[in-house]
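What follows is a set of notes on a single structure, which appears directly below.
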Amino acid sequence: MNQIEPGVQYNYVYDEDEYMIQEEEWDRDLLLDPAWEKQQRKTFTAWCNSHLRKAGTQIENIEEDFRNGLKLMLLLEVISGERLPKPDRGKMRFHKIANVNKALDYIASKGVKLVSIGAEEIVDGNVKMTLGMIWTIILRFAIQDISVEETSAKEGLLLWCQRKTAPYRNVNIQNFHTSWKDGLGLCALIHRHRPDLIDYSKLNKDDPIGNINLAMEIAEKHLDIPKMLDAEDIVNTPKPDERAIMTYVSCFYHAFAGAEQAETAANRICKVLAVNQENERLMEEYERLASEQLLEWIRRTIPWLENRTPEKTMQAMQKKLEDFRDYRRKHKPPKVQEKCQLEINFNTLQTKLRISNRPAFMPSEGKMVSDIAGAWQRLEQAEKGYEEWLLNEIRRLERLEHLAEKFRQKASTHETWAYGKEQILLQKDYESASLTEVRALLRKHEAFESDLAAHQDRVEQIAAIAQELNELDYHDAVNVNDRCQKICDQWDRLGTLTQKRREALERMEKLLETIDQLHLEFAKRAAPFNNWMEGAMEDLQDMFIVHSIEEIQSLITAHEQFKATLPEADGERQSIMAIQNEVEKVIQSYNIRISSSNPYSTVTMDELRTKWDKVKQLVPIRDQSLQEELARQHANERLRRQFAAQANAIGPWIQNKMEEIARSSIQITGALEDQMNQLKQYEHNIINYKNNIDKLEGDHQLIQEALVFDNKHTNYTMEHIRVGWELLLTTIARTINEVETQILTRDAKGITQEQMNEFRASFNHFDRRKNGLMDHEDFRACLISMGYDLGEAEFARIMTLVDPNGQGTVTFQSFIDFMTRETADTDTAEQVIASFRILASDKPYILAEELRRELPPDQAQYCIKRMPAYSGPGSVPGALDYAAFSSALYGESDL
């Protein structure tokens, strides 16, 4: 019985016209297909019995058992759950008509418009009208209420079947007739809802009767769905009855709909319980976070922050500050996150409770959000006060530690400066020092006195800082006082020793002044003379590289000028030696304990003697090397003139030959054969000239061996001559080849000499650079002048022929090829195919014996070897495809 669950809304809107249309169609279809009628009888009878058995009865013959209207009324009461008017119990015809009318009136009251179905037809046992009435009842009470995704009735049932069977292989439900013939659709519906009843993987699509019987047997045994159809009728009927199939399938929908409703109800309960459990978990989590973690931590932390016991040392206070920083960096941030998360959890929990119509959550005493906020505020206040106290204490200790550190730094600086100063002041180093050293010691001592005076302020600052530390009761004041006293005592000793050293230095300075004047004079004269000798030796030994006679003559002149200065240099040497002898005489006379070395000069008399001897030895050696180089430069000059004489003759000869060949290549008069003869003569003359090039190569080798790199007598180098000679050989060979190609083109294409001259004249006219090439624009202008009507597409096609590599230029040979192709009569693939067709007597193929009969032996064998076999219509053994062969001949042409 189809009951509608209270509270469930359906989107289906019942349409009376829909059933009117159905009944009109039924009325028009007066001749029901016998197979369909058989299927409907069995299906509708089984469907009626599935409901009537609930009332303890059934029907055997659908058109006979409903004639009195009693079981018809009973069927409507069972499937609707409503009471119909009391039936008439008489057996007369009018009693039966009255009962049937009561049933029909009830059907009409449900919005079903019955067309052409009257009580008399039912009472008379009209099988078509009875089946139509039962189908109307099935539509109204079994199919109309089916709703799937805003579709209802037949469309809804079809969509439900499609959704349920979509994952199954070999199942494609598109209708209620042919889509069910293999039985897999019914098996898929059962397996989708009750996979324990059927093993879908073992089903065979090629056994439709077995599949249908299996589904019906399982449905009857486990799902309480009676067997309404015969498998053979479904399989053997080209198009099974749609109403029968739809009725049977609707039973599966109603059988499984109850299970889905139960599942929906269970899901609703689980959802409600899950929400409640989640709310309880959030409540417990809130209580745990509030009490065990956050509030307890706050209670432990506040006393620590309220402790204001000061420390005596900066290190101890720094430790407190570091602990506070750890608290701010490591300990507090997680608690801030916990507090934030606690508030978020509380608000989330209250929102969830409000949405799910639950009472608001009330935390236990002392754990409200406001309580936590108050505790946190007390923590913040304690933290702020603790931080201010720490900073003040650190600033106080920092000031004291700063003074102590300042004392240590100044004391260390002074001690470092004073270290070793007493030992220096006690030295007797001036007793064996020269005048310069004594004066340097005296200046150094004066600088020390200035430095000593400058350090007076530092010593006074050290004493003042020590006094301040004592007044502030610094914890290490004893060590500060001891260190300060040592510094003051040392300072007094340094002052006494400084005065004594100054007096000793001034006495020694006066003794050494006389010797110093002589040393200074020696240094002033010895240094320039020593430098002159070193420069002279460097110049005399200097390697020279010259490339001309003029350069070596310049070096010889300079050397002669140097030799003229030698007598004057020898006089200066003797004067310097006299000064040094005077110094040694003074030291011996006054018995002074100092070295005779000159503090103002590193030059000794031994060095001066050695270098003077070296200069005198180098002068004749330099004379000899300069004369040898002069002779070598005269020999190089002869080589230069010899090479220049030949190069100045060969260079112009090559240039003249190049110009003659160029003029010959652009001539437009005379036959090509005459031009070829002239070029051959040029080539013969050029080859005969090779001996001159070889001789020049020999002279060039001599120049290279002599390391001569320039030649003012000629502008030609050997490289220029080589390049020109190679270019001349290449040009004559290329020009001869171009003329030969033109002759071949003329003879092959049938071009007259006048046409060839005309082509050359046109090309030369538009070859603006006179380099044997036309660019694209010059070529376009040339074509237009010759009468071509060029569009962009046509010009682009022509350029692919004359400039296939895209170099941007057109050679004369490409121009000739194009012009001969445009003017000459050339063979095409079509013409060759037509010729072969004539030889083959209009057949699409040709035989080997026909080729041997019509063509010369070598050409016939050539065709037989390369011609593919013919496989088209009318082919015979040995047939050859002359069309494919001809197309291939022209397939790789650039034209």
Side-chain angles (χ1 to χ4, degrees), residues 301-331 382-429 444-504:
T301 306
I302 288 177
W304 174 69
L305 293 173
E306 291 176 346
N307 182 15
R308 299 292 192 273
T309 303
E311 300 291 343
K312 293 184 179 181
T313 64
M314 188 67 176
Q315 291 77 8
M317 289 306 298
Q318 287 288 356
K319 179 64 171 60
K320 280 183 175 289
L321 180 60
E322 188 61 30
D323 292 341
F324 181 71
R325 288 173 178 170
D326 288 342
Y327 156 78
R328 295 292 295 270
R329 289 195 304 264
K330 300 178 181 178
H331 304 297
E383 178 184 311
K384 181 178 179 182
Y386 186 70
E387 184 177 16
E388 292 176 354
W389 174 76
L390 275 177
L391 293 176
N392 289 333
E393 281 297 308
I394 289 174
R395 279 193 289 269
R396 183 184 69 83
L397 291 175
E398 188 177 29
R399 168 63 181 164
L400 194 58
E401 188 63 34
H402 173 70
L403 285 174
E405 180 62 25
K406 187 175 181 180
F407 173 82
R408 287 191 292 269
Q409 289 180 355
K410 287 184 176 294
S412 297
T413 302
H414 177 80
E415 290 167 351
T416 301
W417 173 84
Y419 178 77
K421 292 293 190 296
E422 293 183 55
Q423 288 73 18
I424 293 174
L425 293 173
L426 292 171
Q427 288 179 354
K428 303 294 184 179
D429 51 349
K444 184 177 181 181
H445 186 72
E446 292 173 353
F448 173 75
E449 289 177 334
S450 299
D451 192 19
L452 187 68
H455 277 74
Q456 179 68 35
D457 290 340
R458 178 178 290 131
V459 175
E460 293 175 355
Q461 290 174 5
I462 291 171
I465 294 172
Q467 181 64 30
E468 186 174 0
L469 289 172
N470 278 279
E471 293 174 356
L472 295 175
D473 194 20
Y474 181 58
H475 66 90
D476 197 21
V478 175
N479 292 329
V480 170
N481 292 333
D482 183 60
R483 192 174 184 182
C484 181
Q485 186 62 43
K486 290 179 180 179
I487 290 174
C488 292
D489 293 343
Q490 185 189 38
W491 183 256
D492 293 338
R493 292 194 301 273
L494 288 175
T496 301
L497 293 174
T498 299
Q499 181 62 30
K500 291 181 178 181
R501 182 172 176 81
R502 165 173 278 278
E503 293 173 356

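For the single chain, residues carry numbers from 1 onward in sequence order.
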(message) Checking Asp476 now: which residues fulfil side chain to side chain contact (heavy atoms under 4.5 Å, CB included) with it, not counting sequence neighbours?
(response) Tyr474, Asn479
(message) Looking at every heavy atom in both Val480 and Ala466, which two are closest together, and how far apart are they?
(response) CG1-CB, 3.8 Å
(message) For a 4.5 angstrom cut-off between non-hydrogen side-chain atoms, does Leu425 reach His445?
(response) yes
(request) Return the minimal non-hydrogen interatomic distance between Leu452 and Gly495, and the atom names on each side. (result) CD2-CA, 4.4 Å
(message) Test salt bridge (Lys or Arg N to Asp or Glu O under 4.0 Å) on Arg329 and Glu322; report intermediate values, then the result.
(response) CA-CA 10 Å; Arg329 289 195 304 264; Glu322 188 61 30; 3.3 Å; yes
(request) I would like to know whether Gln490 and Glu422 meet side chain to side chain contact (heavy atoms under 4.5 Å, CB included); could you show each step before the answer? (result) CA-CA 9 Å; Gln490 185 189 38; Glu422 293 183 55; 3.6 Å; yes
(request) Please name the pair of heavy atoms, one in Ala418 and one in Leu494, separated by the smallest distance, quoted to 0.1 Å. (result) CB-CD1, 4.5 Å
(message) I need the Glu415 CD to Ile462 CD1 distance, nearest 0.5 Å.
(response) 7.5 Å
(request) Look at atom NZ of Lys406 and say whether more than 12 heavy atoms of other residues, nucleotides or ligands are closer to it than 6.0 Å. (result) no
(message) Going by the rule side chain to side chain contact (heavy atoms under 4.5 Å, CB included), which residues pair with Asp489 if we only count those two or more places apart in sequence or in a different chain?
(response) Gln485, Arg493
(request) Answer yes when Glu405 and Arg408 have at least one side-chain N-carboxylate O distance shorter than 4.0 Å, and no when they do not. (result) yes
(request) Could you grab the distance from atom SG of Cys488 to atom CZ of Arg483, nearest 0.5 Å is fine? (result) 13.0 Å
(request) Report the distance from atom OG1 of Thr413 to atom CZ of Arg458, rounding to the nearest 0.5 Å. (result) 5.5 Å
(request) Please list, chain by chain and in numerical order, all residues satisfying ring pair (Phe, Tyr, Trp, His ring centres under 6.0 Å) with His455, sequence neighbours excluded. (result) Trp417
(message) I need the minimum non-hydrogen distance between Ile465 and Phe407, along with the two atoms involved.
(response) CG2-CB, 3.6 Å
(request) Give a yes or no on whether a salt bridge exists between Glu446 and Arg502, defined as a side-chain N under 4.0 angstrom from a carboxylate O. (result) yes
(message) Rounded at 0.5 Å granularity, tell me how far NZ in Lys421 sits from CG in Leu426.
(response) 13.5 Å
(request) For residues Gln427 and Arg501, report the shortest heavy-atom separation together with the two atoms involved. (result) O-NH1, 3.0 Å
(message) Nearest 0.5 angstrom please: Ile424 CD1 to Asp429 CG, how far?
(response) 9.5 Å
(request) Ignoring hydrogens and angles, tell me if any N or O in the side chain of Asn481 forms a donor-acceptor pair with the backbone of Ala477 under 3.5 Å. (result) yes
